[in-house]
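Since the structure comes first, as structure tokens, the remarks are kept for the end.
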Amino acid sequence: MSPRVLVVFLCGLLFFSCTQPVGAQAPSQYLPAMEAGGGTDFGLALLNSDTADASVMVTARTYDGLTVTGAGIVNPANLIIPASGKLELRPEDIFGSAISGLAGWLEISPSTSAVKAYSFVFDGALTELEGVAVTSTPSSRLIFPKVSAGSGTVLHVVNTSSAPVDSTISLYDNTGVIVASIPVSLPALSGFVRTADDLIQGNPSFDGYAVVQSSGTLFAPQSLAGFETYHNQSDLAAVRGIPAGGALPSGYWPHFASGGGYASRLTLINTTETPQTLQISASTDASGTASVTRTLMPNERMDESVAEVFGFSSQLPAAGSLQFSTQSNVAAFVGVLEYSTADGASLSAAEPQSQAQSDFYFTHLLESEGYYTGVA
């Protein structure tokens, strides 16, 4: 595994190691795709932190909800992860080479929560590399914060339930107005892939976000999992479909990079039906803390470069941490912070943390991507 892939792998392990106690009952985890298209490939990393061997059953399904079958395909596949060991595999390594190029999604069922899973999209030259969230908590509502025709957005969504689900894809513009609503029926264990062209329906200037919502007579089923990918000039970013329960009253990013050939772009969405006022602060070693106050109307999205938000120079490099907090302390906002280089060679995106945490892996991830972090 290359150093760059390893850094992404370690970032995922840091996240998952904070979510479940070792030895607890292990829920299934879901990866809403097993191929990314466009000359890219998927990798699955599995780490066993226990002192005994662990098993993982991985099942590949089509977007029609059927188990993938065929000559030369072993599905489901049972993997053994050695004690304190790890595996890094592509779908071809797990199920057999005949699965190469087939569309579908993966269910990952570990025998113990000591096994953590993470995935990433990459190309052969590693000019495109991004982590993809593997989720164990499906939701009835997923928010995809970056949708536009120019960025080549692709949505992957699956219904993890053994019952059918009716859902709707709603496109919101930056003012919070729904500009399109697309009904989608999802049979049991099925899924869909939608490109930006599918979603914008002849509106090439659209720039906003998407919400996929399941419906129900009493309670909407908590069964949706998904992620999106999008591009700049030559790299891609991957962002999970953020569950409605993932909205925060405050959030924190350990690093941003702005100016001197680097750029960070902040996207925040007010998920509530009431106006929300928040304070956004950037802290740098060079110039201290800069703060601005913004009020976002219901369902409004702000999508601006960090330089625009705080008036930083586009020529002089600035790096530090970024955070936001609502005056109402209501869990209202979801968002991402993008990291890119001016030449378009690198792009990455990260959701906010709920509180300041150790940023060792995050720092080295950015440095491996070529971003200036200001950390020696």
Side-chain angles (χ1 to χ4, degrees), residues 8 32-33 35-42 119-123 125-133 142-157 169-180 182 192-212 226-242 253 256-258 261-269 299-309 314 334-352 366 369-371:
V8 176
E35 57 86 33
T40 59
D41 206 348
F42 262 103
S119 186
F120 42 90
V121 179
F122 63 97
D123 65 0
L126 294 183
T127 56
E128 295 186 352
L129 175 65
E130 185 74 355
V132 176
L142 301 176
I143 302 167
F144 298 89
K146 307 282 289 190
V147 177
S148 67
S151 63
T153 306
V154 179
L155 267 57
H156 302 257
V157 177
I169 307 173
S170 299
L171 289 186
Y172 289 78
D173 67 16
N174 286 333
T175 67
V177 173
I178 297 177
V179 298
I182 307 166
F192 65 79
V193 179
R194 294 288 188 274
T195 66
D197 288 341
D198 298 330
L199 298 171
I200 62 176
Q201 300 183 340
N203 182 7
S205 63
F206 176 80
D207 183 39
Y209 66 99
V211 175
V212 179
F227 72 93
E228 64 172 317
T229 58
Y230 59 94
H231 287 78
N232 61 1
Q233 296 177 41
S234 61
D235 199 4
L236 65 81
V239 180
R240 68 169 179 155
I242 304 171
W253 287 274
F256 73 87
S258 177
Y262 304 94
S264 293
R265 191 168 190 87
L266 176 63
T267 301
L268 288 170
I269 299 168
N299 302 307
E300 184 179 354
R301 183 185 85 148
M302 68 168 287
D303 183 52
E304 300 177 33
S305 72
V306 171
E308 292 171 339
V309 173
S314 61
V334 301
V336 293
L337 185 66
E338 282 182 4
Y339 305 85
S340 64
T341 52
D343 60 5
S346 294
L347 177 69
S348 190
E351 290 180 53
L366 295 183
E369 293 271 8
Y371 301 121

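Side chains included, hydrogens not; waters and symmetry mates left out as well; all remaining heavy atoms used.
Going from atom CG of Leu337 over to atom OG of Ser348 covers 9.5 Å, rounded to the nearest 0.5 Å. Atom CG in Asn174 sits 5.5 Å away from atom CG in Asp207 (nearest 0.5 Å).
In this structure, the side chain of Ser264 engages the main chain of Ala257 through a donor-acceptor pair within 3.5 Å. At distances below 3.5 Å, not a single donor-acceptor pair connects side-chain atoms of Asp198 with backbone N or O atoms of Gln201. Under the 3.5 Å distance criterion, the side-chain polar atoms of Arg265 are matched with a main-chain donor or acceptor of Asp303. In this structure a side-chain-to-backbone donor-acceptor pair under 3.5 Å is missing from Ser346 to Thr341.
Trp253 and Ala350 get closest at one heavy-atom pair: NE1-O, 2.9 Å. Nearest heavy atoms, Ser340 versus Asn232: CB-ND2, 4.4 Å. When every heavy atom of Ala307 is checked against every heavy atom of Ser258, the shortest pair comes out as CB-OG, 3.6 Å. Scanning both residues, Ile182 and Leu199, for their nearest heavy atoms gives CD1-O, 4.0 Å. Of all heavy-atom pairs between Tyr230 and Glu338, the closest is OH-OE2, 2.7 Å. Ser119 approaches Phe42 most closely through the heavy-atom pair OG-CD2, 3.3 Å.
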request  = Check the pair Thr175 / Asp173 against side-chain hydrogen bond (donor to acceptor under 3.5 Å, both in side chains), numbers first and verdict last.
outcome  = CA-CA 5 Å; Thr175 67; Asp173 67 16; 2.7 Å; yes
query = Are Ser151 and Lys146 close enough, and set up right, to give a side-chain hydrogen bond (donor to acceptor under 3.5 Å, both in side chains), and what steps lead you there?
reply = CA-CA 9 Å; Ser151 63; Lys146 307 282 289 190; over 6 Å; no
request  = Kindly determine whether Val211 and Ile178 satisfy side chain to side chain contact (heavy atoms under 4.5 Å, CB included), including the steps that lead there.
outcome  = CA-CA 10 Å; Val211 175; Ile178 297 177; over 6 Å; no
request  = Check step by step if side chain to side chain contact (heavy atoms under 4.5 Å, CB included) holds for Val309 and Met302.
outcome  = CA-CA 10 Å; Val309 173; Met302 68 168 287; 4.0 Å; yes
key: Worked verdict on Thr153 versus Tyr209 for side chain to side chain contact (heavy atoms under 4.5 Å, CB included)   = CA-CA 10 Å; Thr153 306; Tyr209 66 99; over 6 Å; no
request  = Apply the test side chain to side chain contact (heavy atoms under 4.5 Å, CB included) to residues Thr267 and Arg301: give CA-CA distance (whole Å), side-chain angles for both, the deciding distance (0.1 Å), then the verdict.
outcome  = CA-CA 7 Å; Thr267 301; Arg301 183 185 85 148; 3.8 Å; yes
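Between Leu347 and His231 the shortest side-chain heavy-atom distance does not fall below 4.5 Å. Counting only heavy atoms from C-beta outward, the side chains of Arg194 and Phe144 never approach each other to under 4.5 Å. In this structure, the side chains of Phe192 and Ile169 come closer than 4.5 Å at one or more pairs of heavy atoms. With a 4.5 Å cut-off on side-chain heavy atoms, Glu228 and Pro145 count as touching.
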